Undergrad: 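Submitted below is the structure of interest, expressed as structure tokens.
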Amino acid sequence: MATKPPSSEDIIGQKYDRCMADFLVKAGVGFGAGVVLSVVLFKRRTWPIALSTGFGAGAAYADCDRSFNPARIPGTRIISQLEGKQ
Amino acid sequence: MYRTLPASRRLQSTTPRGAVRVIRRRLATEASPSTPLPKKKRHVVRTIVLSTTALAGTFYLASPFVAFKNEAYYDFFSEHVPLGYSTLEYAEGRHWDTMTLESALESSKKSLASAQRYVTDKISGTPTAQGAIESVKNTRDAAVKAMQESKDRANSAAARIKTGIKKETSGATAVVKHQSEQFSREVSELIREAEAALAKGLDVAGLATTPEVAAPPVKAHDESPTDAAGTSIYTAPLPVGFELPPGYARPAPPKKPESAPVETPKLPLLSPALSSISSSEPIIAHLAGTIDDLTAYIEANPAATAQAASVLETAKSDLTALATRIDKVRQDERADLESKLDGQTREYTVKLLELEMEAQDRLDGQEQEFRRYFDEERARLTQAYREKLENELQTQTELINERLKEEVIAQGIELQRRWIREIKVRVEEERGGRLAKIDELSANLKRLERVALDNSTYLDENIRIHALWSALRALSSSALASPVRKPFREELRVLRHISAAREDPVAAAALESLEGSDVPDVGVEPFADLATWFASEVAPKVSHVALVPDQNAGLLSHLASRAFAGLRFKRHGLVSGDDVLSVLARAEYYLNEKDLDSAARELNQLKGSAKLLLHDWLEAARRRLEVQQALEVVQAQATLASLLVV
């Protein structure tokens, strides 16, 4: 994986590309699992499909947001030095 | 006069012939007038004249001899005495100066003889006293010669006949007669001689005109012939009768001239009768002479004359017979002897010839042998002497070579010493004269050296600066002005070396920092690339995130910034404002103005995600600016150096 690191101005575009790919994969996996549940358990009902797709899309968004702002981790908060002194 | 003549002659005998002639002439001229007048006055004059002439002659004769002995007298005589010089010349011409006593005597004798000859010449030339004297002399000479001849013949005949003829006479005549012959021989000889002399003397007397003049020479000359004859006749052949002549010979001559003419008609003389025989046989002549003597003797005694006449006649006949007999016998003997002699002569001639031939041969052989021996000996001697000579020569050559070598070495040393001395002197002179100029020259040289050194440093500096500029240009052209990015480590290294050689701390430090980084390996972006990069990629993407907050910027803020960025107005030019778009506009302006430094400074003020996006560009721009700054420093240093040099 010794590929050339991208230039600094292309970092945002790369993040965009990865988020899209992650969203598609996770949304597709959720959609598939919803279909199976719907068929197997819920006798062909539609709402399990939408729910599982939503779960997939939500996970993809959370990962993408974390990639743009790595410091924003749930449950933690970064306190600046000025704030810490106050 | 007659007495003085021999005396003067004796005196003249010590003088040379010329003087004698002079004196003789004077005497001859003076004699005729002086002799007939024997007066007292004349005698005085004559004495004076004679003494004067004698003295003058003696003086002139003796003077040269004295002059040759004494130098002062020579001068005196030649200068002051009249005729002195000519006399001396004459004496020198006749070599009187080298004359001795013996030579003088000899010459006087010669002069005497010549004087006599002169006198006889004079006499024979004129019929005077001189003629008489000359004829007398001639007759005397003839008489002396005849006597000499007869004497010799008598001697030989006596010697021969004593041995050979004695036998014949013993046979022919009696012993007594022979003895009487022996006895009478002496007498007869004397008689004959006297007769002969007197006969000639009488002839002379007959010739003479004046008896006074003719007589003295006869008498004068008669003495010497008789003396000469008496001594010559009776010495050798008849020693027995030697004592007789002095007693007999002297009285005889005066008598005979008187008696002979008187007695000749009385008794017959044998000598004239037997003259034909006696001429060939001297002994007969002697015998006849003896008989004549006897006749004379008998005539002297008149008593015996009568008896003796018959005896003399018989003796005469016997004697003639004997003479004829002797003659015949002698002729026979002679013929016999001649024949015998002829035979012996032939024999001995033949023998002599043989002997001569033999001796000749032997002599030839000996000569050849001697010649050969001589040649051998000569060759041997030549060889020996040549060897000796060669040895000598070799030794001499060696000696000479040795000596020459020594001399050459000595001369070489001497020459070297002289040269060294001369060189020293020259060096001193040079030091005194020319070394003074060397200081000046050295000063000049030092100045020149300094100038040259300055020049060389100048040139070196120039060359170094030139090289520096060249390297700098090469580096800037390869690093900054090249259209593509390429590494410039080589150029940087050259430039650094050149600047390090110049020991420029500032440039060295700048280049050191540049070389320490990896910039030279990768090179720097060209300004055109950077500008294009900024305008085409960096500036739009930065403007997309221009509204993103610096902190807690999530996906939604980015999406919102992106969505609103397209809606905003694009700003251009040198605009004020701290927002991202204003900064981007100023940077773009500066980049258009080719002011990368200002553009980089503007962009460097951005924060947040814009700064993240600009990171790479800013890095490239900073590297370029660093290189550019370092090169500018070096360039400034080079400019400064070139300004310093000039």
Side-chain angles (χ1 to χ4, degrees), chain A residues 1-31 33-34 50-86, chain B residues 485 522 525 529-566 580-581 583-584 587-588 591 599-600 603-604 606-623:
Chain A
M1 298 299 284
T3 54
K4 188 185 165 188
S7 187
S8 60
E9 68 268 11
D10 295 330
I11 290 170
I12 299 297
Q14 203 175 9
K15 281 179 182 176
Y16 281 139
D17 293 343
R18 282 187 188 155
C19 286
M20 186 58 70
D22 190 47
F23 176 77
L24 286 177
V25 169
K26 285 181 176 169
V29 169
F31 179 76
L51 186 68
S52 57
T53 304
F55 280 129
Y61 170 76
D63 287 344
C64 185
D65 193 36
R66 211 177 287 127
S67 78
F68 278 101
N69 191 1
R72 202 159 55 183
I73 300 162
T76 61
R77 202 180 76 174
I78 294 170
I79 299 166
S80 69
Q81 289 179 324
L82 292 173
E83 283 181 50
K85 284 175 183 174
Q86 284 174 358
Chain B
R485 192 176 78 173
V522 297
E525 293 287 341
D529 280 7
L530 277 175
T532 310
W533 185 11
F534 178 78
S536 62
E537 292 191 28
V538 176
K541 286 172 183 172
V542 171
S543 63
H544 282 168
V545 295
L547 296 175
V548 176
D550 294 340
Q551 289 176 0
N552 296 317
L555 179 61
L556 287 177
S557 28
H558 281 94
L559 284 174
S561 169
R562 169 113 197 197
F564 287 108
V580 175
L581 288 178
V583 169
L584 281 175
E588 194 176 5
L591 281 177
L603 291 174
N604 205 26
L606 295 174
K607 293 179 182 107
S609 44
K611 180 105 184 234
L612 276 175
L613 292 180
L614 278 170
H615 180 264
D616 276 4
W617 188 91
L618 272 176
E619 200 64 27
R622 196 175 294 126
R623 283 204 295 260

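Throughout, protein chains are lettered first and strands after them, A, B, ... in sequence-line order, and every chain is numbered starting at 1. Keep in mind that the numbers below use all heavy atoms, side chains included, and drop hydrogens, waters and symmetry copies. It should be emphasised that the depicted structure is a prediction, and the values quoted were computed from it without experimental measurement.
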Undergrad: Quick one, B/Lys541 with A/Asp10, criterion side chain to side chain contact (heavy atoms under 4.5 Å, CB included). Give me CA distance, side-chain angles, the key distance, then yes/no.
TA: CA-CA 8 Å; B/Lys541 286 172 183 172; A/Asp10 295 330; 2.2 Å; yes
Undergrad: Against chain A, work out which of B/Leu556, B/Asp616, B/Leu612 has the most heavy-atom pairs shorter than 4.5 Å and name it.
TA: B/Asp616
Undergrad: Using a cut-off of 6.0 Å, state whether more than 12 heavy atoms not belonging to B/Arg562 lie near its atom CZ.
TA: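 Open.
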Undergrad: Rounded to the nearest 0.5 Å, how far apart are CD1 of A/Ile12 and NE2 of B/His558?
TA: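 A/Ile12 atom CD1 to B/His558 atom NE2 measures 4.0 Å (nearest 0.5 Å).
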Undergrad: With A/Asp65, which residues qualify under salt bridge (Lys or Arg N to Asp or Glu O under 4.0 Å), at least two apart?
TA: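 For A/Asp65 the salt bridge (Lys or Arg N to Asp or Glu O under 4.0 Å) partners, ignoring immediate neighbours, are A/Arg72.
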Undergrad: So, using side-chain contact (heavy atoms from CB on, under 4.5 Å) as the criterion, who are the partners of B/Leu559 when residues are at least two apart?
TA: A/Tyr16, B/Leu555
Undergrad: Could you pull out all residues at least two apart from B/Glu525 that satisfy side chain to side chain donor-acceptor pair (under 3.5 Å)?
TA: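 For B/Glu525 the side chain to side chain donor-acceptor pair (under 3.5 Å) partners, ignoring immediate neighbours, are B/Arg485.
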Undergrad: Under a 4.5 Å heavy-atom cutoff, which of A/Ser67, A/Gly13, A/Ser7 has the most pairs with chain B?
TA: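 Most pairs with chain B among the choices: A/Ser7.
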Undergrad: Just wondering, more than 12 heavy atoms not from A/Tyr61 lying within 6.0 Å of its OH?
TA: yes
Undergrad: Is any residue of residues 530-540 of chain B within less than 4.5 Å of chain A by heavy atoms, and which ones?
TA: B/Trp533, B/Glu537, B/Val538
Undergrad: Which atoms of B/Val545 come close to chain A, meaning under 4.5 Å heavy atom to heavy atom: side chain ones, backbone ones, both, or neither?
TA: side chain
